[in-house]
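First comes the structure, then the notes that go with it.
Because the structure is a prediction, the values reported are computed rather than measured.
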Amino acid sequence: MSRLASGVVLVTAQEPPLDPDDPLAPRGEDVGMTATAFMSVSLDPPLVLVSLREGSRMDDLLDEQPLWAVSVLSESQRHIAGRFAMKGRVSDRLLFADIPYVRGEATGAPLAGGALATLECRTEQRVPAGDHTLVIGRVLTASLPSGDGGPLTYFRGRYRHLG
């Protein structure tokens with residue numbers, strides 16, 4: 001499968017508040033992960049799919065939090081892809097520290113600044129598939145924040161540029 005080129009996205013979500021009944025309770029931490037197994041499923045209704053490693057932090061979070069977001073990364077955002085793909089990484093709070101982002105209006109999840117496209121989603125279905133979970137989300141919002149550059153792609157184990 002390393003011979004199949006794919007786009008690279010940043011999947012993000014916000015942990016639920018520590019005490020959902022207290023409006024003054026601290027917000028949950030932002031969580032992010034790089035994904036290359038992402039695709040459009042349907043235009044009507046608008047559905048997308050992301051494949052998550054079973055038991056990963058994002059898989060566990062999206063099992064309890066139905067709202068999440070996707071930033072389609074541009075070729076100039078290789079550093080973001082690498083940072084959120086690290087194994088044994090530092091806390092997500094530090095990973096987001098110097099990356100420009102805005103919060104999605106529908107999900108509250110971080111949307112990477114400079115992304116080619118951003119989507120906010122609500123989980124419709126979770127499908128166990130081997131050692132992964134396929135998460136199908138309904139697209140709540142979609143925007144094109146940046147038209148600059150081409151997409152970041154992944155091919156033969158490395159991030160690549162088209163062209």
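For the residue pair Asp60 and Gly55, the shortest heavy atom distance occurs at OD2-O, 3.5 Å. Taking both residues in full, the closest heavy atoms of Leu62 and Thr123 are given as O-OG1, 4.4 Å, listed atom of the first, atom of the second, then distance. Between Glu15 and Arg57, the closest heavy-atom pair is OE2-NH2, 2.9 Å. Residues Asp30 and Pro110 share a closest heavy-atom pair of CG-CG, 3.6 Å. Here the closest non-hydrogen pair linking Met33 and Leu52 is SD-CD2, 3.4 Å. The two residues Ser143 and Thr118 make their nearest non-hydrogen contact at OG-OG1, 2.6 Å.
How far CZ of Arg138 is from OG of Ser42: 8.5 Å, rounded to the nearest 0.5 Å. Here Ile136 contributes atom CD1 and Ser51 contributes atom OG; the two are 11.0 Å apart, rounded to the nearest 0.5 Å. How far CD1 of Ile99 is from OG1 of Thr12: 10.5 Å, rounded to the nearest 0.5 Å. Put simply, CG on Leu73 and OG1 on Thr36 are 11.5 Å apart, with the number rounded to the nearest 0.5 Å. Summarising the geometry, atom CZ belonging to Phe96 is positioned 10.0 Å from atom CZ belonging to Arg83; distances are rounded to the nearest 0.5 Å. If you take CG on Leu10 and CD1 on Ile80, they are separated by 7.0 Å, rounding to the nearest 0.5 Å.
Put simply, the residue from Leu49, Val139, Leu134 that forms a side-chain contact (heavy atoms from CB on, under 4.5 Å) with Val41 is Leu49.
Hydrophobic clustering places Leu47 together with Val127 (ILVMFWY residues linked when any side-chain heavy atoms are closer than 4.5 Å, directly or through intermediates).
Residues Pro16 and Leu61 have side chains in contact (heavy-atom distance under 4.5 Å, counting atoms from C-beta outward). You'll find the side chain of Leu119 reaches within 4.5 Å of the side chain of Phe38, heavy atoms only. Residues Val50 and Trp68 have side chains in contact (heavy-atom distance under 4.5 Å, counting atoms from C-beta outward). Inter-residue side-chain proximity for Met58 and Val31 is flagged as met; some heavy-atom pair is nearer than 4.5 Å.
With sequence neighbours excluded, the residues forming a salt bridge (charged side-chain N to carboxylate O under 4.0 Å, His left out) with Arg122 are Glu124, listed by chain and number. Partners of Arg78 by side-chain hydrogen bond (donor to acceptor under 3.5 Å, both in side chains), not counting sequence neighbours, listed by chain and number: His161.
Judged purely by atom type and a 3.5 angstrom limit, Glu120 has no side-chain atom pairing as donor or acceptor with the backbone of Thr141. In terms of modelled atom types and a separation under 3.5 Å, the side chain of Ser74 and the main chain of Leu116 share no donor-acceptor contact. Put simply, the side chain of Arg126 never gets that close to the backbone of Val135: no donor and acceptor are under 3.5 Å apart. For Gln65 (side chain) and Gln14 (main-chain N/O), a donor-acceptor pair under 3.5 Å exists by modelled atom type.
Within a 6.0 Å sphere centred on CD of Glu64, heavy atoms belonging to other residues, nucleotides or ligands number more than 12. The environment of CZ in Arg53 is sparse: at most 12 heavy-atom neighbours from other residues, nucleotides or ligands sit within 6.0 Å.
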